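Quick caveat: nothing in here was measured; it's all calculated off a predicted structure. Counting starts at 1 for both ligands and their atoms, in listed order. For this chain, numbers begin at 1 and follow the sequence in order. Only this structure's heavy atoms are used, side chains among them; waters, hydrogens and symmetry mates stay out.
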Amino acid sequence: MAERLGVAVVGVGGAVATTAIAGIEMIKAGSNSLAGLPLADRDVRGMAAYRDIEFGGWDLAEDSLADCALRHGVIGDKELADGASSMKDMRAWKAVGSKNYCANIDGNNKLEGGHRAAVQQIKDDLARFRDEKSLDRVVVVNLASTERVPDPDSPALASRDAFEKALDNNDEAISPAMLYAYAAIDADTPYANFTPSMASDCAPIADFAAERGVPVAGKDGKTGQTFMKTVIAPALRDRALHVDGWFSTNILGNSDGLALDDPKSLQSKLGTKGSVLDQILGYKVEDHIIMIHYYKPRGDDKEAWDNIDLTGFMGQKMQLKLNFLCKDSVLAAPLAIEIARCLDLAHQRGQGGVQEQLGLFFKLPQTANGNDPVHGFAEQQAALDHWLATEPA
Ligand SMILES: NC(=O)c1ccc[n+]([C@@H]2O[C@H](COP(=O)([O-])OP(=O)(O)OC[C@H]3O[C@@H](n4cnc5c(N)ncnc54)[C@H](O)[C@@H]3O)[C@@H](O)[C@H]2O)c1
């Protein structure tokens, strides 16, 4: 019998999560193609089939997932009628939230109590999910709103011991994203961070994952503008076209955009978007400017513009313009699904700690042992292909 994989999502009522769930439910109902799923054509032993995935998860929103999805406007009544109707009966589990970490997002479906109680509740939720849905394995994927950057010098984040004490003391240095990541690892459940929030990349949590042999990966899904940047920049480098400046701007009007309208959350996103170019090109681009604007009329139909100023042979100046009219969640949802399947495969293969081969899915790939992240897309794709094809002896 086919083995069933549970995907427990932090932020299960969000645009990316509900798009992923609707897509999988439609596949189960036989009404969808596998278009847009990057690993659909791979035949890898042990990798869960899309139709064998079950979703659950936490959210601050209380509504049914169908209502959440309709509010985001990515899927509509047609998709719900075409196979995703089970979302009408799906509701989120109570979430750990904090206005301190995410100023613009709140809701009533919230857990009360301190850090340790939250960790226990998250672990109980995972165990209940597994039993109720008769799942063989579970992974956790964080698709919640972007949190502000925690204080990097906080003593609570300096070591495993300090982190444990901070959990006991309900220290404010520990964010909700960290609590979910810690609880997942404690429950021997792989964890992926699709958000820019600090979680599995926080040193004590990364150490915890390595110590327990639990696969983790992050952070911040690489879906639109940064994806294009990491495809184009290596080609410019290889043709010796010098990048004098790269101006990137975006408009988006979904609730992710609203979360990023808070300057502190925005800082987390700019941090993950900003790092790719210099590493790929091998020199510092002085004028690498990135702007993100919340512009409500666009909803999930994000628009990204890039202007690249180049110098070529004999110092001649050129410009390249890129305009990506994308659908934010339609690009992101398939990646979240593939990340879950890959992390589950890593767990089955006995590969714990940071999964660097999943770097192509992320803007700021988490690495182990202080390794520099690889950002160039072709190189990242080759690393994933090699891993998928290499079964452990
Ligand atoms: N293309 C993309 O859409 C894309 C790309 C890369 C990264 N991301 C990241 O993925 C995340 C989700 O994006 P989205 O567009 O679905 O956002 P969204 O605002 O639609 O969804 C986020 C959901 O998280 C919930 N939430 C907030 N705090 C929570 C908490 N502490 N616990 C549980 N739930 C919580 C919110 O209620 C909301 O339902 C964001 O962090 C975003 O930056 C998205």
Side-chain angles (χ1 to χ4, degrees), residues 8-22 36 56-63 65 67-69 71-75 91-111 118 121-122 125 140-148 174-181 183 192-199 218-228 250 252-262 265-273 292 294 299-302 304 324 326-336 339 361-364:
V9 176
V10 188
V12 72
V16 177
T18 51
T19 305
I21 298 169
W58 307 265
D59 205 293
L60 298 164
E62 296 171 296
D63 328 70
L65 297 194
D67 286 341
C68 291
R71 197 173 54 238
H72 297 304
V74 183
I75 67 158
R91 283 197 148 69
W93 314 325
K94 278 189 191 308
V96 197
S98 163
K99 287 281 279 179
N100 174 12
Y101 276 93
C102 198
N104 285 358
I105 307 292
D106 207 2
N108 293 326
N109 198 36
K110 219 188 251 181
L111 285 172
Q121 185 59 52
I122 293 164
D125 289 337
V140 171
V141 181
N142 187 352
L143 295 176
S145 315
T146 304
E147 297 176 355
R148 70 167 169 82
I174 296 182
S175 66
M178 293 178 202
L179 292 173
Y180 287 109
N193 186 10
F194 200 82
T195 82
S197 312
M198 184 181 272
K219 73 177 183 179
D220 199 4
K222 183 161 90 170
T223 54
Q225 188 169 59
T226 309
F227 165 47
M228 286 299 153
N250 300 265
L252 77 168
N254 55 17
S255 101
D256 184 26
L258 181 62
L260 297 177
D261 212 27
D262 168 44
S265 287
L266 180 66
Q267 213 44 49
S268 294
K269 186 63 114 183
L270 294 178
T272 59
K273 275 170 98 72
I292 304 172
Y294 178 56
D300 205 65
D301 293 342
K302 178 155 106 178
F324 195 0
C326 59
K327 292 198 177 288
D328 223 13
S329 303
V330 167
L331 289 175
L335 302 195
I339 291 166
F361 294 121
F362 299 105
K363 288 189 190 76
L364 184 54

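Heavy atoms of Cys102 stay at 4.0 angstrom or farther from ligand 1. For the ligand labelled ligand 1, residue Gly97 lies inside the 4.0 Å heavy-atom shell. For Leu331, the heavy-atom gap to ligand 1 stays at 4.0 angstrom or more. For the pair Lys363 and ligand 1, a heavy-atom separation below 4.0 Å is found.
Checking each of Asp59, Leu111, Asn108, Ile122 against Lys94 for a side chain to side chain contact (heavy atoms under 4.5 Å, CB included) leaves exactly one that passes, namely Leu111.
By the 4.5 Å heavy-atom criterion applied to side chains, Trp58 and Asp125 are counted as neighbours.
Listed by atom number, the atoms of ligand 1 under 4.0 Å from Ala95 heavy atoms are 32 (N), 33 (C). For ligand 1, the atoms closer than 4.0 angstrom to any heavy atom of Ala15 are 15 (O), 16 (O), 18 (P), 20 (O), 21 (O). Listed by number with element, the atoms of ligand 1 under 4.0 angstrom from any heavy atom of Tyr180 are 32 (N), 33 (C). When each atom of ligand 1 is checked for a heavy atom of Gly221 under 4.0 Å away, the hits are 5 (C), 6 (C), 7 (C).
Checking side-chain atoms of Asp300 against main-chain N and O of Asn254 turns up no donor-acceptor pair under 3.5 Å.
Of all the heavy atoms of Val16, the ones lying under 4.0 Å from any atom of ligand 1 are found in both the backbone and the side chain. At a 4.0 Å heavy-atom cut-off, ligand 1 touches Ser145 through backbone and side chain alike.
Considering backbone and side-chain atoms alike, Thr223 places an N or O below 3.5 Å from some N or O of ligand 1.
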